[in-house]
Structure formats: structure tokens, C-alpha cells
2 protein chains.
Amino acid sequence: MDLLSGKWTMSVINALMSGVLRFGELERAVPGINTRMLARTVKELEERKIISRKPHPTVPPTVEYSLTEKGLALKPVMQALQAWAVANYHRAQAEQS
Amino acid sequence: MDLLSGKWTMSVINALMSGVLRFGELERAVPGINTRMLARTVKELEERKIISRKPHPTVPPTVEYSLTEKGLALKPVMQALQAWAVANYHRAQAEQS
DNA sequence: CGGCATCCTGCAGGATACTG
DNA sequence: CAGTATCCTGCAGGATGCCG
């Protein structure tokens, strides 16, 4: 599967594993990403039904992103991957849940 | 991790999950790939110590590729991914081990 | 058989400015 | 705040051809 293609896809999914985040929060939660890339990534993930977008008609506008069932189902994958990374590179122990 | 970047990386690893394969066999095992891409992919995977290359000084030359310990350790990841894909797209049930 | 060398193209990805 | 629009660049990825 190349659903995981995209330089930022994994990071965004991972960030949302811990819970609901707003656009700006996501941007801060994924260091190095820029507005355009985040927008593009969340759009694709939304189309793929992996995350869901919930706009709030407030002023100023706020939008909340969260994982769908399908997205949450990726948790075992992320964990397996992380376990592998830790075991083989023992680095970055301080991430996610 | 962007070790899984590369359009063919996953497919090649997956193909080698079932056992040792020669260059040509790999090429046939990964439909759609071409010589240059396969060469590039195996080279990168070899550098990352995920697969190992074993040339045989025969005529004509043969080269065998297999997963290293590190590569085999990716099995849980692949399985989790596959389980997810099957559960969410129920397609391609007829692959690997 | 296994794989470099070469040439080519599109699009992923980056920076920055602007708007409802 | 949450994006969209614009512009730009490099390199992933595809199609051969050639050689030990």
C-alpha cells in the first residue's frame, strides 16, 4: 500500500493518535511541515476516510481533525513500526501514547 | 520513518518475506517494476541492512537476496498493515505467507 | 544474468503572500 | 484561524540500451 506515501502522512496520523487536534495544533504537532503540506495531507487523509474534519462555525473559525475508525485501526501498524524502529535504531523513545 | 518511502520498497520486502530470491526472480515477483528501480531499491535496502546480497561466482552470475534479521523483524509491521488493508478494503487476499 | 549509464518527465514538496 | 494561490526546484520513477 502506498497510502502511507507522502512525507508527512505518518506523522499526521501519529499526531492524531493521541486525540483531536485543530489545524494549527496539528501544524505545531508536526515540526517541519508547512501550511500547504498540512492542508494537502489532511485533505488526502480525509478523502481516504482515515481522518475526519469537523469545522465549527465560530469566529474566528476553528476546525477539528480526528481519526476515523479506519484511522484508529492503523494503531497496531504504527505500534509495530515504532517497535521496529526502537529495536533497530533505539531512538526517539519519547513519542505518542 | 520514511524508510518505507520508495514506491517499490514494501513490495520488495514483502516478496522476500517468503524466502530467498534471485534478482530476476524478484523482478518477476514484483509486477510493474523495472530493472533500474529494482536495482536502486535493493541497493538502498542493502545499505539499510534490511536485506542482504549474496553474489555467486558462477557463469552466468547469479545473485541471491534475502532478508536480514532487521528485515525479518518487519514482519509484524507488514502483517498489521496487511490486516488493516484487508479489513478496510477487503482486497488482495491472495498474497504471501 | 545482473545491473550500471543515459535521457526524460511529472509531481512531491518547499517558501511566501493573500483571503473569508 | 484555516486554509488557497502562486511560483520554483529536485529528484523519484519510467524506458531503453549496453556490458562483464
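Note on naming: letters A, B, ... go to the chains in the order of the sequence lines (proteins, then strands), and numbering restarts at 1 for each one. What you see is a predicted model, and the numbers here were worked out from it, not measured in a lab.
Among the nucleotides dG13(D), dC4(C), dA2(D), the one closest to any side-chain atom of Thr62(A) is dA2(D). Side-chain atoms of Arg22(A) lie closest to dA2(D) of the nucleotides dA2(D), dG13(D), dT4(D). Of the candidates dG13(C), dG2(C), dT4(D), the closest approach to any side-chain atom of Val63(B) belongs to dG2(C). With dA15(C), dC1(C), dA2(D) as the candidates, the nucleotide lying closest to the side chain of Asn34(A) is dA15(C).
Across the protein-nucleic acid pair, Leu38(B) atom CG and dC4(C) atom C1' stand 13 Å apart, rounded to whole Å. One interatomic measurement links the two molecules: CG of Leu45(A) to C1' of dA12(C), which rounds to 15 Å at whole-angstrom precision. Atom P of nucleotide dC11(C) and atom NZ of Lys7(B) are separated by 12 Å, given to the nearest angstrom. Counting to the nearest Å, the P atom of dA12(C) and the CG atom of Leu4(A) are 16 Å from each other. Following rounding to the nearest Å, Lys43(B) (NZ) and dG2(C) (C1') show an atom-to-atom distance of 12 Å. Atom CZ of Arg28(B) is separated from atom C1' of dC1(C) by 10 Å (rounded to the nearest Å). Between Glu27(A) atom CD and dT4(D) atom P there is a gap of 13 Å when expressed in whole angstrom units. The separation between Trp8(A) atom CH2 and dG13(C) atom C1' is 9 Å, rounded to whole Å.
Closest-nucleotide positions on DNA chain D for Arg40(A) and Pro60(A) were compared, and the one nearer the 5' end corresponds to Pro60(A).
Judged purely by distance below 3.5 Å, without hydrogens or angles, the side chains of Ser52(A) and Glu46(A) never pair a donor atom with an acceptor atom.
The base of dG3(D) lies outside donor-acceptor range of the side chain of Arg36(A), with no N or O pair under 3.5 Å.
Applying the 4.0 Å criterion to OP1 and OP2 of dG3(D), one finds that Tyr65(A) has a side-chain N or O inside that range.
By the criterion of side-chain heavy atoms lying less than 4.5 angstrom apart, applied directly or through intervening Ile, Leu, Val, Met, Phe, Trp or Tyr residues, Leu74(B) is not grouped with Val20(B); the two fall into different hydrophobic clusters.
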Donor-acceptor contacts, no H, no angles, side chain residues 38-45 of chain B, under 3.5 Å, sequence neighbours left out:
residue	atom	partner	partner atom	Å
Thr41(B)	OG1	Met37(B)	O	2.7
Glu44(B)	OE2	Arg48(B)	NE	3.0
Glu44(B)	OE2	Arg48(B)	NH2	3.1

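Using the six-membered ring where Trp is involved, Trp84(A) and Tyr89(A) have ring planes that are perpendicular, over 60° apart on the 30 and 60° scheme.
Taking Ala83(A) as the reference, nothing meets the side-chain contact (heavy atoms from CB on, under 4.5 Å) condition, with sequence neighbours excluded.
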